[in-house]
Amino acid sequence: MAEKELQRSKSVLPIGTVMRLTDLTARQIRYYEEQKLVIPKRTEGNRRLYSLNDIDKLLEIKDYLSDGINMAGIKTIYAQQEKRAAERKNEPLTDSDVRRILHDEFLNISGFERNSGTSLHSQHPLQ
DNA sequence: ATTCTCACA
DNA sequence: TGTGAGGA
């Protein structure tokens with residue numbers, strides 16, 4: 001059944017379809033790409049092609065945004081997921097992970113900076 | 001008709 | 001983020 005994943009990973013949808021499916025503007029979709037949240041393929045004519053997985057990711061991003069999480073926070077969340085995916089056999093975020101991320105965000109909007117890395121441990125406020 | 005990049009009265 | 005220009 002890995003065939004289904006293959007299909008979901010196939011990039012074939014033009015940005016116009018993605019816009020209708022996600023209710024996001026082209027501007028937003030392209031911006032999230034700049035933020036490396038989604039990386040659509042390109043046609044020979046430089047047109048973006050998205051996969052169903054990209055759609056899901058975009059929809060997920062919408063949820064996080066509506067929950068008050070900003071780009072930095074979302075990046076942190078995916079960085080965490082990749083971190084877990086690399087170590088473990090991958091699993092969704094645990095409750096404590098979410099809390100840690102949210103707390104991390106709280107520090108973010110509070111004017112604290114962190115290293116550009118993905119470490120969620122030993123963060124020292126910047127004076 | 002669609003999408004792309006770039007730039008900001 | 002929106003929006004318009006200028007090109008493909």
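Every chain is numbered from 1 and lettered A, B, ... according to where its sequence line falls, protein lines coming before strand lines.
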- Looking only at heavy atoms, which two atoms of A:Ile69 and A:Ile74 are closest? And how far apart? CG2-N, 3.6 Å
- Task: Kindly write out the residues that satisfy salt bridge (charged side-chain N to carboxylate O under 4.0 Å, His left out) with A:Arg42, not counting sequence neighbours, or none if the list is empty.
- Result: A:Glu33
- Do A:Tyr64 and A:Leu24 share a hydrophobic cluster (ILVMFWY, side-chain heavy atoms under 4.5 Å, transitive)? yes
- side-chain hydrogen bond (donor to acceptor under 3.5 Å, both in side chains) partners for A:Ser51, two or more places apart: A:Asp54
- Residue list, side-chain hydrogen bond (donor to acceptor under 3.5 Å, both in side chains) with A:Glu82, at least two apart or on another chain: none
- Between C:dG6 and B:dT2, how far apart are the C1' atoms? Round to whole Å, please. 15 Å
- With A:Arg99, which residues qualify under salt bridge (charged side-chain N to carboxylate O under 4.0 Å, His left out), at least two apart? A:Asp95
When you compare the protein's N or O atoms with those of nucleotides 5-9 of chain B, which come within less than 3.5 Å of each other, and at what distance?
| residue | atom | partner | partner atom | Å |
| --- | --- | --- | --- | --- |
| B:dT5 | OP1 | A:Arg42 | NH1 | 3.1 |
| B:dT5 | OP1 | A:Arg42 | NH2 | 3.1 |
| B:dT5 | OP2 | A:Arg48 | NH2 | 2.1 |

Below 3.5 Å, can you tabulate the donor-acceptor pairs from side chains in residues 8-19 of chain A to any protein atom, sequence neighbours excluded?
| residue | atom | partner | partner atom | Å |
| --- | --- | --- | --- | --- |
| A:Arg8 | NH2 | A:Asp56 | OD2 | 2.3 |
| A:Ser9 | OG | A:Glu5 | O | 2.9 |
| A:Ser9 | OG | A:Glu5 | OE1 | 3.4 |
| A:Ser9 | OG | A:Asn53 | ND2 | 3.0 |

- Among all residues two or more places apart in sequence or in another chain, which pass the side-chain hydrogen bond (donor to acceptor under 3.5 Å, both in side chains) test with A:Tyr32? none
- Task: For A:Tyr31 and B:dC4, give me the distance from atom OH to atom P, rounded to whole Å.
- Result: 18 Å
- Where DNA chain C forms runs of at least three Watson-Crick or G-U pairs (i with j, i+1 with j-1, under 3.5 Å), the stems are B:4-8 with C:2-6
- Of A:Arg47 and A:Ala26, the one whose closest nucleotide on DNA chain C sits nearer the 5' end is A:Ala26
- Note on the structure: On a heavy-atom basis, the closest approach of A:Leu59 and A:Leu21 is CD1-O, 4.1 Å
- Where is the tightest heavy-atom contact between A:Lys57 and A:Leu37, given as atom of each residue plus distance? CE-O, 3.1 Å
- Would you say the side chain of A:Tyr31 lies within less than 4.5 Å of the side chain of A:Met71, judging by non-hydrogen atoms? yes
- Can you run down the salt bridge (charged side-chain N to carboxylate O under 4.0 Å, His left out) pairs that involve residues 20-31 of chain A, sequence neighbours left out, and say none if there aren't any? none
- Atom-to-atom span, CD of A:Glu33 to C1' of B:dT3 - whole angstrom: 12 Å
- Excluding sequence neighbours, so at least two apart, what forms side-chain hydrogen bond (donor to acceptor under 3.5 Å, both in side chains) with A:Gln7? none
- Item | Start and end of the DNA chain C segment that chain A contacts, any atom under 4.0 Å from a heavy atom | C:dT1 to C:dA8
- Write down the distance separating the C1' atoms in C:dA5 and B:dT3, rounded off to the nearest Å. 14 Å
- Under 4.0 Å from any atom of DNA chain B, heavy atoms only: list the residues of residues 15-22 of chain A that qualify, in numerical order. A:Ile15, A:Gly16
